[in-house]
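A note on names: the letters A, B, ... follow the listed sequences, proteins ahead of strands, and every chain is numbered from 1. Not measured: the values here are computed from a predicted model.
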Amino acid sequence: MRMRLKGTDGLPGALGSLLAVAYALLPVIWIVSLSLKPSRELGNGRFLPETFSLEHYRAVFTDPQFPAAILNSLGIASITTALSILIAVFAAYAIVRLDFRGKQWIFYGTLAVAMFPQVSVVGPLFELWRTLRLFDTWPGLILPYLSFTLPLAVWTLTAFFREVPWELEKAARVDGATPSQAFRLVILPLVAPGIFASAILVFIFAWNDFLFAASLTSTDRARTVPVAIAFFTGSSQFELPVGSIAAASVVVTIPVIALVLMFQRRIIAGLTAGAVKG
Amino acid sequence: MAEIVIDHVSKRFAGGGWAVRKVTFTVKDGEFFILVGPSGCGKSTLLHMIVGLEDITEGEIRLDGQRINELDPKDRNMAMVFQSYALYPHMTVRENIAFPLRLAKLPRSEIKRRVDEAAGILQLGALLDRKPSDLSGGQRQRVAMGRAIVRRPQVFLLDEPLSNLDARLRVQMRTEIAALQRRLGITTIYVTHDQTEAMVLGDRVALLRSGEVQQIGTPKQLYETPRNEFVAGFIGSPAMNFLHAEIGDDNLLLLPMGPCPLPASFPLDRLDHRNVVVGIRPEHFHLPGAAPPASPVFSAEIILAEWLGADLYLHVQPVPSHPGAREAPLLIEPETGKPGVVLIVRVPPDLRLGRGDRMELAYDAAKIHLFDADTGESFLRNH
Ligand SMILES: Nc1ncnc2c1ncn2[C@@H]1O[C@H](COP(=O)(O)OP(=O)(O)OP(=O)(O)O)[C@@H](O)[C@H]1O
Ligand SMILES: [Mg+2]
């Protein structure tokens, strides 16, 4: 029964995936191709470059703005991810494991925050950050990123914590573990897939954000890559630096791809199999 | 040395009733003590209080005379096998068994030595590098045992360790656990809802119902002198037959199968003309020829035969034949839904009788039990 279903569903399914992948990848390939064309070929409209050239890559890295922006992006996104996951792990544990008043309220409150339109806070934040001297600083971006990524992380991790057989925590305590040892050595490894999954989501959010970064930064001190690319100027003010933009776009995609490749193998479900009978 | 004293211990869950009520008993050093009772009677709760995973609402638990109510579980040196095995799924069998030793910061070589020793005892040697998900139920159960014995704990607590194994494996593991306990001599409290396990394994048994201890004693004591109807019905398989009866003139017990003179060992003065519940175990029925002399005899119709190879159990309905027998009264066991009285009796397996057949049966009047019809308390015999 199952086999037969698989057989008949297989072909349309494969076609569908192929279509989805092609649809998603075509622009990416186009950008990669653009970034490798020498300047004179940029306007020729061909899909693949005739001669390969790294001149645009050289150009973006000789411009001091771009390396600075990469550093800002890496730092801000990493700190956001670390803080967000740290707080979310404890929040999710508390929501699943502890009984306290207002638990439901917190849970749905975080959801409400996630649905809040980001545009509506940018204006007030701009004013506030200038008064608090947070404008154009790392914390000035990390803080709003935290408030929009935490709900996501808390929700993802809550789902993973709900799957934990809590008798394992008791078993660890009887085996001689302190509460924190039981958490570190037994519970945390079981929710590791959830931690990696939400870490990737949080990192990508912070890495890709344009709205906050464009409004709350003004110089290399905190300007992140998406904004830096938008501010690229060509050799003359009448020329759009297509090649450099393409090269920079390829460069900023690499950390995200590396991250996903690194962690995807750890995001495996069913890690708790075999813990309890039945 | 480890003697555990449970002293008027009660447990109340927030928002719930009393899960354990004023439980008192002492587990002697090296004893194999069984907590048995139906589901939800508070066995696990009591065990969790002993090991320190649940707070004690009232009462005191002492280990070798020291109050341990407030002691953290990690400082009690008790090992526990959980109702689910609670193996750490991200660790191999070796890491699982070594976990308590790792926490105790033992040197590496010592950990390895002890894990190998435990694995040898439990025949886990070939499985040490597997993950729990790659083990069968019986193997997981053994790993859980290994993790418990490797520490050489003072006390061993087992919460229904065999309840998810198939019948054959259960019997095998039961024997192994009993042998292991005897060999290690560790004070053990074993929780089960299976009365057979309780009877076979325990030095002493405490039977719980709704959080209260019904009776504590050796399996033999619980079987032969149950304190009340609940104990009598819980211990023994198939269960004891219960019959409502009245005590008439001349200490005559008026049973559905006919009158029977009360054995003089009962406190006859307290029983005069009372309503009682009579309990007769299936094994105390006999064929008339094989019964002790002067056993009451009655006729019965077979409504079901259960042949188990070594034993034959008949479900029979007494046929009122003797003069003076009352009309068949209501049944006590409501599950069967059959009108009239149904008795389960054990007869020799070679008896060639089947459904619908009539037969003569006798019962050993000296072995009957009497319970107060209102309170269920047993009228114990004077020996
Ligand atoms: N955390 C809890 N909160 C409230 N009530 C509880 C809690 N844990 C157990 N109980 C109640 O306490 C009673 C005893 O539960 P316990 O788990 O000790 O039973 P048990 O004898 O181990 O049963 P089983 O044989 O099914 O394991 C039950 O009525 C149960 O509903
Ligand atoms: Mg239980």
Residue by residue, scan residues 105-128 of chain B and write down, ordered by number, those that have a heavy-atom distance under 4.5 Å to chain A; if none do, write 'none'.
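The list, in residue order, is empty: none.
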
Side chain proximity check, A/Asp175 to B/Lys74, heavy atoms < 4.5 angstrom:
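A side-chain contact is absent here, since even the closest heavy-atom pair is not under 4.5 Å.
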
A/Leu185 vs B/Leu103 side-chain heavy atoms within contact, under 4.5 Å:
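The answer is yes, as the side chains (C-beta and beyond) meet within the 4.5 Å cut-off.
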
If you tally heavy-atom pairs under 4.5 Å against chain A, which of B/Pro153, B/Gly137, B/Pro73, B/Gly52 wins?
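So the answer, after comparing B/Pro153, B/Gly137, B/Pro73, B/Gly52, is B/Pro73.
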
Are more than 12 heavy atoms from other residues, nucleotides or ligands located less than 6.0 Å from atom [atom1] of [X]?
X       : atom1 : result
B/Gln66 : CD    : no
B/Asp55 : CG    : no
A/Tyr23 : OH    : no

How long is the span from the CE atom in B/Met80 to the CZ atom in A/Arg173, to the nearest 0.5 Å?
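Taking CE in B/Met80 and CZ in A/Arg173, the distance rounds to 13.5 Å.
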
If you round to the nearest 0.5 Å, how far is CG of A/Leu168 from CG of B/Leu87?
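The CG atom of B/Leu87 sits 8.0 Å away from the CG atom of A/Leu168.
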
Atom group of [X] that falls short of 4.5 Å from chain A, counting heavy atoms:
X        : value
B/Asp72  : side chain
B/Arg76  : neither
B/Ala104 : neither

Could you list the donor-acceptor pairs under 3.5 angstrom formed by side chains in residues 254-263 of chain A, with sequence neighbours left out?
none

Heavy-atom pair with the smallest gap, counting every atom of B/Pro89 and A/Leu190:
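Nearest pair, atom of B/Pro89 first, then A/Leu190: CG-CD2, 3.4 Å.
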
Would you check if the side chain of B/Tyr88 reaches a backbone N or O of A/Ile187 as a donor-acceptor pair within less than 3.5 Å?
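Flag not set: sc B/Tyr88 to bb A/Ile187 has no pair under 3.5 Å.
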
